[in-house]
Number of protein chains: 2
Amino acid sequence: MSVTLADVAARAGVSAATVSRVLNGNYPVAGATRTRVLRAVEELEYVVNGPASALAAATSDLIGVLVNDIADPFFGIMAGAVQSEIGQATRKLAIVCNTGGSPERELTYLTLLQRQRASAVVLTGGAVEDAAHGAALATRLRRLDAAGSRVVLCGRPPLATEEDGPHPLALTFDNRGGARRLTEHLLSLGHRRLGYLSGPAARTTTRHRLEGHRAAMAAAGLAADAERLTTHGGYDRASGYDGTLELLRRDPDLTAILAANDTVALGVCAALRDRGLRIPQDVSVTGFDDLPFAVDAVPALTTVRLPLHDAGARAGRLALGREDAPPGGVATFHGDLMVRDSTAPPRP
Amino acid sequence: MSVTLADVAARAGVSAATVSRVLNGNYPVAGATRTRVLRAVEELEYVVNGPASALAAATSDLIGVLVNDIADPFFGIMAGAVQSEIGQATRKLAIVCNTGGSPERELTYLTLLQRQRASAVVLTGGAVEDAAHGAALATRLRRLDAAGSRVVLCGRPPLATEEDGPHPLALTFDNRGGARRLTEHLLSLGHRRLGYLSGPAARTTTRHRLEGHRAAMAAAGLAADAERLTTHGGYDRASGYDGTLELLRRDPDLTAILAANDTVALGVCAALRDRGLRIPQDVSVTGFDDLPFAVDAVPALTTVRLPLHDAGARAGRLALGREDAPPGGVATFHGDLMVRDSTAPPRP
DNA sequence: CTGTTAGCGCGTTCAG
DNA sequence: CTGAACGCGCTAACAG
C-alpha cells in the first residue's frame, strides 16, 4: 500500500522514532542521521499520514472557516485573508466550508469539524437570530472548545447567551455605526424621504444595520418614516430590484434609498434606471461593504468600507494562537464612509 | 478527555464493534440494540473521532477543492456547486483551498491533501503553463491517484503530459470557442480595429481565449492587427483600466475592446468613461464568464456565459464517484454568447 | 446478529 | 542523541 514511517526508517537505517523526530523537528537529532533520513524521505516520496498523526498526537492541523456564501466576495475576501495568514504556518490546512446561510448546515459543518478534531474554527459573517438555533450553536461551540478547538467569530457579534463559561473570541464590524453614518450623510445632504432595503430578517447583520439607520432617522425626527419605508429582502441583487419597485410604490417621491449591501445596491440602481430615474439627480443610492465592484458601479457607489481583509487576517492569527486575544475577547472593526457619486442633494 | 466509542459501548451495554456498526450502518444490527446505542450516543454527546476512523479504515471523508482566487465569484460559484453536491452526501467534508494562483501553493495544498488521505481532489480553473510546474503537478496528481484519491479537473484542460498511466478526469470550458464567437460578433457588427486585453501569461485559460480571438481575426484577414492590439495583464479590474489606456495609446481609433473576463471589462469601462468615450457608441466592450454583476454593468455587458454551476456540480458528483466518467475522461462545456448593451456597430 | 481480537501509522514516554 | 515499547480510537476480519 502506501509508504510508511517504518519504510523510511528501514531505508535510513534508523528507528521510526528518529524519523518522526526529524520530521517534527521537536527533538534534537544528529546532523548526519538527519540528512540521511531526509534523503530516504525524498527517495521514497514519503508523505506523512495525517490521520495517524492526528490520532497519535490527539490534535489535527485542520482549521475550519465557515462562510455563508462562498460565491459572495464579502466572504471570499475574509476567507482568503484567513487562509493566507494560515498558509504561512506550514502544515496547517485552512478549509473553507460553505453553509449557504443555512443554520442546519452550519451545525452539520461544526460537527464535521469537531469530528476531524479541527484545531480551530472561524465563523464568518452574521448569525441567524433564532432562539433554538442560537442554543444549538452555543452548544456546538462549547463542545468544540471543550474538545480543544479554538473558536473565533469574524464579522459576527459575540454570542448572545448569558451563560458562563468560555465565550469565543469575536471580531465584529460596527454595522450600526456604519448605517448610522450613511443615513446621516444623506440627511445632511437634505434628504428627508429615505427608503431602506433591509437584508434577510433574523440576521444580526441585518438587525444592526437597520438599528443604525433608525437611530439616525429618529434623531432627525423621522422615526415614523423609517418604519414605513423599510422592506426586507435577501442580500442579492434581485432583492434590490424588487425592493426598489416596492418602495417606489409606497412613496413615489422618495429621494434616497439605502441598500442592505453593495450587491443589493446594484439591483436598486438597475430598477431605478428601468424606471427612468437618474442617480443621484432623482434618487440617491448607498451600498454597504465597499466590495471591489462598488467603485465600478455607475455612478460609483457611496458606501461604507469594511476592513474585511484585516479582520480575516486577524481571525487567522487568533485561530493559530499567534496573537493575543483582544481585551474582553471582543474587538470591533469600524467602517469608513466612502462618499462617491451615487449620492447628492435632493432636487429642490 | 473526550468521550470515545468504548464509553458509548459501556453505556449501551454492548461492544465497541456494535456501536461502530450502528454508526456506519454497514452491518445488520437488531433494532432494539440499535436504538439503545443511539440513545447512549445522544446522552454522551459522542462525536466520532475522524482521524482514528480514517486511520483504521484507511480512507478519509475529506474532499479537497483547489481554487485560484477565493474572492473571485468565478471560483466561488464553482466551489459552491461542488460543495453543495457533496453536502448531500452526509459525512463527506468538501474543503476549499485557496492557492492565490501560486503554483507552489498549489503543490503544497496537494501534498497537504494527500497527507490527509483525501478521498478526492478537484482542481478548478486554469493551470499555469510552465514545464517544470507541469511536471511537478503531474507527479503530485499521479501520487494522489496511486494513494487512492480521485482527481477531477474542473474548468481546466486535461493534463498536457504525454506519459501513459491514469489521466485525471477533466471538465473543461470551451474558452477558444467562446472568444471566437465574441470576436465574430464584433466583426459582424462591422468592427475592424479590435483591441484584446489578455489575462496573465502562461495560463491555459488565457492562451485558449487568445487563440480563439486570433482565429476569428485571422479568418477576417486581421491577423496582424490582432497581434499589435493585444496586451497582457491580470484578471483584475486594474489590468482592464491600465490595459485600456495602453491600447488607446497604440490605436486611438479602435472601436472595440475584448476583455479577458468580466472583471477586467469593468476596468475597461471605467477607463473609457474617464477618457470621455461612450460605450458602445464610441467603443464596444465585451467580457467573459457572465458573472452575476455583468448584467448590472452600465451598459450591461455583452459576454459569454460559462456554466460554472453545472460544471462544479458535475465535478462534485465525479469526485464522489456518483457519476460515470465522461467518454475519454474529458467533457467540454460550451458557453453561450450573451449579447447585451455594451456592443453595437462602430460609428461610420 | 454480536463479541473478541488484531492491527491501521504515528507520537511519545522511558531507557540506554 | 537514539531505540524499544506502548497506546491513541477505531474498523475489520473471525468466531460464535
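The chains referred to below are lettered A, B, ... by the order of the sequence lines, with proteins before strands, and numbering in each begins at 1. Side chains included, hydrogens not; waters and symmetry mates left out as well; all remaining heavy atoms used. Remember, predicted model here, so these are calculated numbers, not experimental data.
With rounding to whole Å, B:Gln116 atom CD is found 13 Å from C:dC10 atom P. Nucleotide C:dT2 holds its C1' atom 15 Å from the CZ atom of B:Arg34, rounded to whole Å. For B:Leu55 and D:dT11, the CG to C1' distance is 10 Å, given to the nearest whole Å. Whole-Å rounding puts the B:Arg117 CZ to D:dT11 P distance at 18 Å. Whole-Å rounding puts the A:Asn49 CG to C:dG9 P distance at 7 Å. Rounded to whole Å, the distance from CG on B:Leu23 to P on D:dG9 is 16 Å.
Of the side-chain N and O atoms in A:Thr33, one or more sit less than 4.0 angstrom from OP1 or OP2 of D:dT2. Contact annotation: A:Ser53 side-chain N/O to C:dG9 OP1/OP2 distance is not under 4.0 Å. Proximity of A:Thr18 to the phosphate of D:dG3: a side-chain N or O atom is located under 4.0 Å from OP1 or OP2. Phosphate contact (OP1/OP2 of D:dT11, side-chain N/O of B:Asn24, threshold under 4.0 Å): present. Between D:dC10 and B:Ser20, no contact under 4.0 Å exists linking OP1 or OP2 to a side-chain N or O.
Salt bridge annotation for A:Arg203-A:Glu129: absent, with no cationic side-chain nitrogen under 4.0 angstrom from a carboxylate oxygen. Contact check on A:Arg317 versus A:Asp324 returns no salt bridge, with no Lys/Arg side-chain nitrogen under 4.0 Å from an Asp/Glu carboxylate oxygen. With respect to the salt-bridge test (charged N to carboxylate O, under 4.0 angstrom), the residues B:Asp145 and B:Arg150 do not qualify.
Near-neighbour residues of DNA chain C inside residues 35-44 of chain B, defined by a heavy atom below 4.0 Å, are absent.
Rounded to the nearest 0.5 Å, atoms OG1 (A:Thr18) and CG (A:Leu5) are 10.5 Å apart.
The base of C:dG3 sits within donor-acceptor range of the side chain of B:Arg21, with an N or O pair under 3.5 Å.
Along DNA chain C, the nucleotide nearest B:Gly13 and the nucleotide nearest B:Ala52 are compared for position; the residue whose nucleotide lies closer to the 5' end is B:Gly13.
There is a side-chain donor-acceptor pair under 3.5 Å between B:His133 and B:Glu106. Side chains of B:Thr172 and B:Arg156: no donor on one and acceptor on the other come within 3.5 Å.
Side-chain atoms of A:Tyr46 lie closest to C:dC10 of the nucleotides D:dG9, C:dG3, C:dC10. Comparing C:dG11, D:dT11, C:dG3 by their nearest atom to the side chain of A:Ala56 picks out C:dG11. Comparing D:dA12, D:dC8, D:dA4 by their closest approach to the side chain of A:Ser15 singles out D:dA4.
Among the protein residues, A:Leu5 comes within range of the sugar-phosphate backbone only, with heavy atoms under 4.0 Å from sugar or phosphate atoms but none that close to a base. Within 4.0 Å (heavy atoms only), B:Ala30 reaches sugar-phosphate atoms of the nucleic acid but no base atom.
Within the 4.5 Å cutoff, no side-chain heavy atoms of A:Ile63 are placed close to those of A:Leu93.
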